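Just so you know, these numbers use all the heavy atoms, side chains as well, and skip hydrogens, waters and symmetry mates. Note that the structure is a prediction, hence the values are computed from the model and not measured.
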Amino acid sequence: MLYAIACFRVHSQEIKMSENTSIEEQNGQDNIITLKGMYQDYFLDYASYVILERAVPSINDGLKPVQRRILHAMREMHDGRYHKVANIIGQTMQYHPHGDAAIGDALVNLGQKDMLIDPQGNWGDVRTGDSAAASRYIEARLTKLALDIAFNPQTTEWQLTYDGRKREPIDLPMKFPLLLAQGADGIAVGLSTKILPHNFVELVKASIKILQGKKVKIYPDFQTGGSIDVTDYNGGKRGGRVKIRAMIDRVDKSTLAIREMPYGVTTTSLIDSIIKANDKGKIKIKKVSDNTAQEVEILVELAPGTSPDLTIDALYAFTYCEIPASPNACVIIDDKPHFLTVEEILEISTERTKELLRRELEIRKGELLEKLHFASLEKIFIEKRIYRDIEECETWEAVLEAVDKGLRKYVVTPGETTPKGDKRLRLLREITEEDLVRLTEIKIKRISKYNSFKADELIARLEEELKEVQHHLDNLVDYAIAYFEELLAKHGKGRERRTKITTFDTIEATEVVANNAKLYVNRTEGFIGTSLKKDEFVCDCSDIDDIIVFRSDGKFLVSRISDKVFVGKDIIHIDVWKKGDGRTTYNMAYTDGKSGRSFAKRFNVKAITRDREYDLTTGEKGSKVLYFSANPNGEAEVVTVQLTQGSRARIKLFDYDFGDLDIKGRSSKGNTLTKYPVRKVALKEVGKSTLGALKVWVDEVSGRLNTDERGKFLGAFDTGDTILVLYKEGAYEVVEMDLNKRFDPKEILHIGKFDPNQVLNVVYFEGERGWTMAKRFLIETTTTGQRFPFLTEDRKTKLLYASVEAEPKIQYSIKVNSKKVESELDLASFVDVKGWRAIGNKVSDQRLTGIVEISEGVKAEASNKQTAKEDSKPEGKLKAGDSIDFDIEKNGQGKLF
């Protein structure tokens, strides 16, 4: 484009020179224009044009030229009715030197902001991204707000249009911070602007506070709602940054609903981003449905076993449910771009509004003075019958002179001195020829029907209004505050804040991504990756995880997972690495290759440079690792150190406790383990955590353990603590606490921290005898990771109730002669604690129809109901032989999930 402009300018100058004179005639010298010079000059001209005329809004009215011309054209056309958009575009082309497409797009954009233009027809939807109908099918008119704040020909500065045929406003007299209310985006040459929209009500209230001399802070607000983190907003200036999120509701355990969108994101683009993340394995969903109509509703159905809480975080991390925005408030001031904060823009806008109000008052004052001046002259002219003095005048000059002479008998002009007691009327200004002409143009009909009393009333009203205007001028700040308050009362309804201001927790993508890959290792050859399926399996992971690898030479590195990557031979430990992990502690013993001494150290790896090797030893050649362990909860074990037989040490076998070491940086040398040669170091005893107990939760939907406070709290786990799981099938299992462990919620009746002294209370139907039995027992088995059935083996046997409460009380029901009979039972007093294989005591020789655990409060309430309904209940208690129907799936007692 620039080359074409340069060629055009060269061609134009050559034509001009050929028409006027030759090159040799130009002062005897060649007039040579180089392309380099033209690029310097013309590029600056082009850049200035784009900045001032197309991309960046003016500080005065907050509009770009095309927007200003559209509003001016609509004001010229305004008659209160809707106009075809095609007609508006045509009218705007009288002022705007560009095509109809640019005008149409700008007009639709203004209409969708629901501020200055009242649209009618299909104008598209910013939420769904649907475009507007053709301009011939849609209509628009100015809103009442636009008429109140944007137009006043008397205070508008004008200029000629591009073709000189009409005039257009340089800036509209905008008495409102429109730039901040609408926001603005623009890309110019060498700079850009991005001003986020703000709330109408908050802007008006902030302007009032500025007029009152108070400091203000304003934050963005969007039509589409959602939530925003403004921690780093920085007043909307360059370098600021905000995060905007969709509003996601949890409908049930398998469905999420997105009902509010982030600013600038459409439902189509959001759904595409969700599907893309699912295809890449970042999230696990079953289906996405777009039910958007009057309100936005996108339903996300989750895959079975997927946690909705974890999926919400994943949606924020991997889709357009969360987007960043970098504001850059750039505006035109005095034909130059300036970078300001939104508070500075608001202050300038408020001061300009106050100045426009002052100018309007000054204009109104001048109009009132003119009306009062002429009303006074007219009163004297008619009442004193001065019009009779012109009856004998033969020339126009004589007529004017006679009227002037007649008036001066009864008036005093400004600056004229008068004697004391002079009762003549003092005029507000000098009498001009125009005044005399207007008096001679008064019709005989008006003179004949002139009412002196009404004239005095008019003069009194004008003087009162003039006094009011002068009061407003003397108290301009109060007048401006009253203007904004009236604006708020008139147009503020329905414009309340839609976007919630909050602070977002940082979501680490590696923490919420779904496991979509498997990690393998070839320790001997030194390869790791997801494609080494014939080698050793390490763990499930995601394709964005970082992998930490430790080698026997005392070096380690962290690398992004890939299909196959070489990390060095003799791998002694490999795992997924989490940035900032302060709990995973590595215990290591190594031999220094130079001195032969052995050292022990404990360290964390919180931050690294990816693919860079770090040496954990002294760095001397021949150094090697003697012992290494990775402890997720900061455990410190006891090891046995065996020295070589040839060493001079008297004690060649001793224990060493890593708990005596402090956790230091990975580059620390460590404490001396021994100065003698070491044969081997072996684990003797697993130790406790030196970091304190780890608080663990279980997600009630996915069944995954976590430390993110998601789901049910299980307890604080220290080294050696285990988890008790009760299954609906009538079995229990004690499992090691492992954060990678996943349980099936459909199978589980209870899960919690295992306490060896905790009594398990069970009510079950014994299939072989057909009785309902109750038993209480302690967990006596010590084997972990194995299920132990505590019911009889008959296939009809079924678990009805299980609880770990100390003294549970239940209310159960049976059918007696086709009628429901309820009874209560204190299990602690009914049956003693016995072995886990014991059958228990008989509750009924039938199967219960229902069972519920009750507290003391529920028991008291049930007792009151029993008394109130005593007459209506059947006599007698539960009897042997009565039939019963019980289904724990329907009852659900004792279930966690």
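Here the side chains of Thr224 and Pro262 are not in contact, with every heavy-atom distance at 4.5 Å or above. Lys354 places a side-chain heavy atom less than 4.5 Å from the side chain of Leu476. Residues Gln94 and Thr161 have side chains not in contact (no heavy-atom distance under 4.5 Å, counting atoms from C-beta outward). Met74 is not listed as a side-chain neighbour of Gln91, based on a closest heavy-atom distance of 4.5 Å or more. With a 4.5 Å cut-off on side-chain heavy atoms, Phe222 and Ile244 count as touching. Leu63 places a side-chain heavy atom less than 4.5 Å from the side chain of Met174. Residues Pro337 and Val331 have side chains not in contact (no heavy-atom distance under 4.5 Å, counting atoms from C-beta outward). In this structure, Leu180 and Leu203 have side chains that are in contact, with non-hydrogen atoms separated by less than 4.5 Å.
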Review point. Hey, mind stepping through Thr311 and Lys284 against side-chain contact (heavy atoms from CB on, under 4.5 Å) and telling me if it holds?
Key: CA-CA 8 Å; Thr311 303; Lys284 292 182 179 180; over 6 Å; no
Exercise for review: Would you sort out whether Leu299 and Val288 count as a side-chain contact (heavy atoms from CB on, under 4.5 Å), showing the intermediate values?
Suggested key: CA-CA 6 Å; Leu299 297 181; Val288 182; over 6 Å; no
Check your understanding: Stepwise, does the side-chain contact (heavy atoms from CB on, under 4.5 Å) test hold for Glu355 with Arg359?
Key -> CA-CA 6 Å; Glu355 174 61 21; Arg359 288 168 61 183; 3.6 Å; yes
Practice item. Please report the C-alpha distance between Arg497 and Glu202 in whole Å, then the side-chain angles of each, then the deciding distance to 0.1 Å, and finally whether the salt bridge (charged side-chain N to carboxylate O under 4.0 Å, His left out) criterion is met. Key: CA-CA 8 Å; Arg497 169 168 284 276; Glu202 292 176 4; 2.7 Å; yes
Practice item. Mind running salt bridge (charged side-chain N to carboxylate O under 4.0 Å, His left out) on Lys579 and Asp546 for me, showing each step along the way? Key: CA-CA 9 Å; Lys579 183 179 179 181; Asp546 290 314; over 6 Å; no
Exercise for review: Take Glu343 and Ile218 through the test side-chain contact (heavy atoms from CB on, under 4.5 Å) and record every step on the way to the result.
Suggested key: CA-CA 7 Å; Glu343 287 80 14; Ile218 54 174; 4.0 Å; yes
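Other residues, nucleotides and ligands place more than 12 heavy atoms under 6.0 Å from the CD1 atom of Ile501. The local environment of CZ in Arg238 is sparse, with at most 12 non-hydrogen atoms from other residues, nucleotides or ligands closer than 6.0 Å. Shown here is Tyr320, whose OH atom has no more than 12 heavy atoms of other residues, nucleotides or ligands within 6.0 Å. Other residues, nucleotides and ligands place no more than 12 heavy atoms under 6.0 Å from the CD atom of Glu486. Within 6.0 Å of the NZ atom in Lys280, the count of heavy atoms belonging to other residues, nucleotides or ligands does not exceed 12. No more than 12 heavy atoms of other residues, nucleotides or ligands shown are found within 6.0 angstrom of NZ on Lys205.
Distance alone, capped at 3.5 Å, is enough to place a donor-acceptor pair between the Gln223 side chain and the Gln112 backbone. Not a single donor-acceptor pair under 3.5 Å links the side chain of Arg68 to the backbone N or O of Gly62. Without hydrogens or angle criteria, Lys243 side chain to Pro324 main chain gives no donor-acceptor distance under 3.5 Å. Side-chain atoms of Tyr483 come within 3.5 Å of backbone atoms of Lys175 as a donor-acceptor pair (strictly under, hydrogens ignored). Using modelled atom types, one side-chain atom of Glu260 and one backbone atom of Gly226 make a donor-acceptor pair closer than 3.5 Å. When atom types are taken as modelled, the side chain of Ser349 and the backbone of Ile345 share no donor-acceptor pair closer than 3.5 angstrom. Side-chain atoms of Asn278 come within 3.5 Å of backbone atoms of Ile285 as a donor-acceptor pair (strictly under, hydrogens ignored). At least one donor-acceptor pair closer than 3.5 Å links the side chain of His83 to the backbone N or O of Met77. When atom types are taken as modelled, the side chain of Asp249 and the backbone of Val251 share no donor-acceptor pair closer than 3.5 angstrom. For the pair Thr341 (side chain) and Gly235 (backbone), a donor-acceptor distance under 3.5 Å is absent.
Side-chain contact of Ser58 with Asp171: a donor-acceptor pair under 3.5 Å is present, judged by distance alone. Using modelled atom types and a 3.5 Å distance limit, the side chains of Tyr82 and Asp118 yield a donor-acceptor pair. Using modelled atom types and a 3.5 Å distance limit, the side chains of Ser542 and Asp545 yield a donor-acceptor pair. Of the N and O atoms on the side chains of Asp229 and Thr503, not one donor lies less than 3.5 Å from an acceptor on the other residue. A donor atom on one side chain and an acceptor atom on the other are found under 3.5 Å apart for Glu360 and Asn152. A donor-acceptor pair shorter than 3.5 Å cannot be found between the side chains of Asn291 and Ser289. No side-chain donor from either of His338 and Asp334 sits under 3.5 Å from a side-chain acceptor of the other. Between Thr353 and Thr350, the side chains place no donor N or O within less than 3.5 Å of an acceptor N or O (distance only, hydrogens not considered).
Salt bridge annotation for Arg259-Glu297: present, with a cationic side-chain nitrogen under 4.0 angstrom from a carboxylate oxygen. The residues Lys282 and Asp543 are annotated as salt-bridged, a charged nitrogen and a carboxylate oxygen being separated by less than 4.0 angstrom. A salt bridge links Lys490 with Asp148: the closest approach of a Lys/Arg side-chain nitrogen to an acidic carboxylate oxygen falls below 4.0 angstrom. Asp699 and Arg704 are not joined by a salt bridge, as no carboxylate oxygen comes within less than 4.0 angstrom of a charged side-chain nitrogen.
Between Phe176 and the choices Phe484, Phe200, Phe151, the ring-ring contact (aromatic ring centres under 6.0 Å, His included) rule is met once, by Phe200. Residue Trp123 is tested with Asp130, Asp114, Val85 for a side chain to side chain contact (heavy atoms under 4.5 Å, CB included); the sole match is Val85.
With Tyr95 as the aromatic partner, Arg69 does not meet the cation-pi criteria of under 6.0 angstrom to the ring centre and within 45 degrees of the ring axis. Figure legend: Arg245 and Phe504 shown as a cation-pi pair, the cationic atom lying under 6.0 angstrom from the six-membered ring centre and within 45 degrees of its axis.
Taking the six-membered ring for Trp and thresholds of 30 and 60 degrees, Tyr219 and Tyr233 have ring planes inclined between 30 and 60 degrees apart. Note: Trp697 and Phe713 have tilted aromatic rings, judged against thresholds of 30 and 60 degrees for the angle between ring planes.
Taken to the nearest 0.5 Å, the NZ atom of Lys276 stands 15.5 Å off from the CD1 atom of Ile271.
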